[in-house]
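Comments concern the structure below.
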There are 2 protein chains.
Amino acid sequence: MFDNKEKTNIQELGEFGLIKHLTQNVELKQPTSIKGIGDDAAVLDPQGKKVLVSTDMLLEGIHFDLAYTPLKHLGYKAIQVNLSDIYAMNGVATQVTVSLGLSSKFPLEAVEELYEGMYIACEKYNVDIIGGDTTSSKQGLVISITSIGYADENEVVYRNTAEEGDLICVSGDLGGAYVGLQLLEREKLVYLENPNIQPDLEGKDYIVERQLKPEARKDIVELLKEIDVKPTAMIDVSDGLASEILHICNQSNKGCNLYEEKIPLDPMTYETAREFNLDPTVCALSGGEDYELLFTVKQADYDNIKFKMDFTIIGHITEASAGCNLITKSGNVHKLTAQGWNAFKN
Amino acid sequence: MFDNKEKTNIQELGEFGLIKHLTQNVELKQPTSIKGIGDDAAVLDPQGKKVLVSTDMLLEGIHFDLAYTPLKHLGYKAIQVNLSDIYAMNGVATQVTVSLGLSSKFPLEAVEELYEGMYIACEKYNVDIIGGDTTSSKQGLVISITSIGYADENEVVYRNTAEEGDLICVSGDLGGAYVGLQLLEREKLVYLENPNIQPDLEGKDYIVERQLKPEARKDIVELLKEIDVKPTAMIDVSDGLASEILHICNQSNKGCNLYEEKIPLDPMTYETAREFNLDPTVCALSGGEDYELLFTVKQADYDNIKFKMDFTIIGHITEASAGCNLITKSGNVHKLTAQGWNAFKN
């Protein structure tokens, strides 16, 4: 991970010294950020918009394994995961707060690396770090991020507003993050058995990156605005396609038909899943952590979206009594069940 | 703590089931809460006000010890600690998000107790729980809370705006939370040596409560509005009086004189500190966790505040070159140093 050659003990800096050191170069760029780090609370000016707030907690040993997660990637991913929730409301993400619990095994240089990844993500997504909390931890690394964004009231897209006949769309491709995780876990075991063997991730960059460095789909939210399509419902894919479409259907009191053959899979995801004797479709349905956007649009919008390469139409919304179904490639009908990310872990 | 007689394993419910179970009775009462738990992000309508955001992380073994902290109290305190930051900006606290990392040793009944304390605090302070995250933890209990509040732009009080000649005031009394902690730590050791000996906290209710169940000083913010006094600077006392006044002075580029004899101490704090061979003044200066409000007001406001029993004038702001000083009862002048809560722990 990091060598401890130039290790600086964070205890030497103390809590205030550490925060000062890490945040000394923070600049507020958003016009809605009035006051950032340095007071009891940050002060924001929403300028007449509605405010979107989402929060996520990432725990070492549960959400990430430092054996194969570079800290810079982890910082980057932690921010992405949170921004994704703001985009899933059709909002513009503008601010984050970052709380860290740091075990004493972490030298300052490691914390700097984590922060560097966060800064790169914030820079790229045009988001200000406006506050947070830094504390020591007896329990490994703890990351808690709250993201804030804005939208006009009529722009906000909820989960519970899908209508019968709406087309179900998903951005990018699915399952890659989960298959990437299997690969990393395998290489970790190989390494633990024989530390002289180098990890064999050659040619697997895409799926490894899907796991370690996902990108929140801000671009999809912008694209939909450009082509003047407002989704009827939207959610981000953090727990797997099945779990997410069930959220939309249950909360909208509707059913759905998803078509297996339409589910977008990257060839590398497909091949690697096969290597692991996994069903690629199951990886997409239950793998999670893809951070793509799943949304529904009115059939009337079909002409506006049909040539868009950034997302795929994978099914449609039905009445509730029809249930939530997957139509397999062979034409069989399966009830969708939410297995989700947690079940995979247990 | 809690007996496991009627233990329900939280694994049985799963993440979504647990969240649903815990939040099924949440009602949104604030007119600014448009959408709470159940979507990718909460939606708030600040109604033209500025938005205040603050976040705190509480970790088992660092910020609390479950050996003597009832979970209901912990839930209550976790909310208070956060609201206190919003009041310290002179704002009205309105919403919180609650993220929890729960180790598998926690049965559902324990989580319910924790939540019950949170609900009581939210009810009392008129705050909505609008979101959060619940995950399993391999690392003991993790609590991360983000609080949100509102204020008009001209109402917000920062730390960096104290002026020379301003009076320094503090609400309530200080040092009690720290002395209460010493008492709880002592009784824990006694108990560990001989589990048959019952904790001896008789007559110590006040300081034990100061530690286990502090109250954020919403009432002080309201009182100051009533008497039409806007503080020139304000901060809450989480790390001890010395640390907090140094924040105000350093950020305002000013100095201060604090008078030891004016520092408000409860008689029980004084006596118990003496029992522990601690200097009661040091407990006030460096103990922390009192969650009182420390603020400065213009001398012109003296007539408005002089008969208010809810806070005490303990000194005044000077020019920066005079430094930050404590004038002892014997008339000696000591430089104030920030020892703060963390130093006490190490």
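Each chain gets a letter, A, B and so on, in the order its sequence line appears, and its residues count up from 1.
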Among [options], which residue has the highest count of heavy-atom pairs closer than 4.5 Å to chain A?
options	answer
B:Gly48, B:Gly38, B:Gly149	B:Gly38
B:Arg159, B:Lys138, B:His247, B:Met89	B:Arg159
B:Val43, B:Leu100, B:Leu58	B:Val43
B:Ala151, B:Ala88, B:Ser84, B:Gly131	B:Ala88

Heavy-atom distance under 4.5 Å to chain B: side chain of [X], backbone, both or neither?
X	result
A:Leu141	backbone
A:Lys49	backbone
A:Gln251	side chain
A:Val142	both

Do [X] and [Y] make a side-chain contact, defined as non-hydrogen atoms from C-beta onward lying under 4.5 Å apart?
X	Y	value
A:Asp40	B:Tyr87	no
B:Asp236	B:Glu292	no
B:Ile145	B:Thr97	no

Inset, instruction - Output all residues satisfying salt bridge (charged side-chain N to carboxylate O under 4.0 Å, His left out) with B:Glu153, sequence neighbours left out; order by chain, then residue number. - result: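 Checked B:Glu153 against salt bridge (charged side-chain N to carboxylate O under 4.0 Å, His left out); matches are B:Lys50.
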Legend entry - Test item: side-chain donor near acceptor, A:Gln30 and A:Thr94, under 3.5 Å: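 Result is no, nothing qualifies.
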Inset, instruction - May I ask you to check whether B:Thr55 and A:Thr146 show a side-chain donor-acceptor distance below 3.5 Å? - result: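 No, no side-chain donor-acceptor contact under 3.5 Å.
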Inset, instruction - Heavy atoms only, distances under 4.5 angstrom: which of A:Ile130, A:Ile34, A:Asn160, A:Asp39 has the most pairs with chain B? Name it, please. - result: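 Between A:Ile130, A:Ile34, A:Asn160, A:Asp39, the count favours A:Asp39.
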Inset, instruction - Report the option among A:Asp133, A:Leu52, A:Thr32 that has the most heavy-atom pairs separated by less than 4.5 Å from atoms of chain B. - result: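 Sorted descending by pairs with chain B, the first entry is A:Asp133.
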Inset, instruction - Please lay out, stage by stage, how A:Ile79 and A:Cys122 fare under the test side chain to side chain contact (heavy atoms under 4.5 Å, CB included). - result: CA-CA 7 Å; A:Ile79 297 289; A:Cys122 288; 4.1 Å; yes
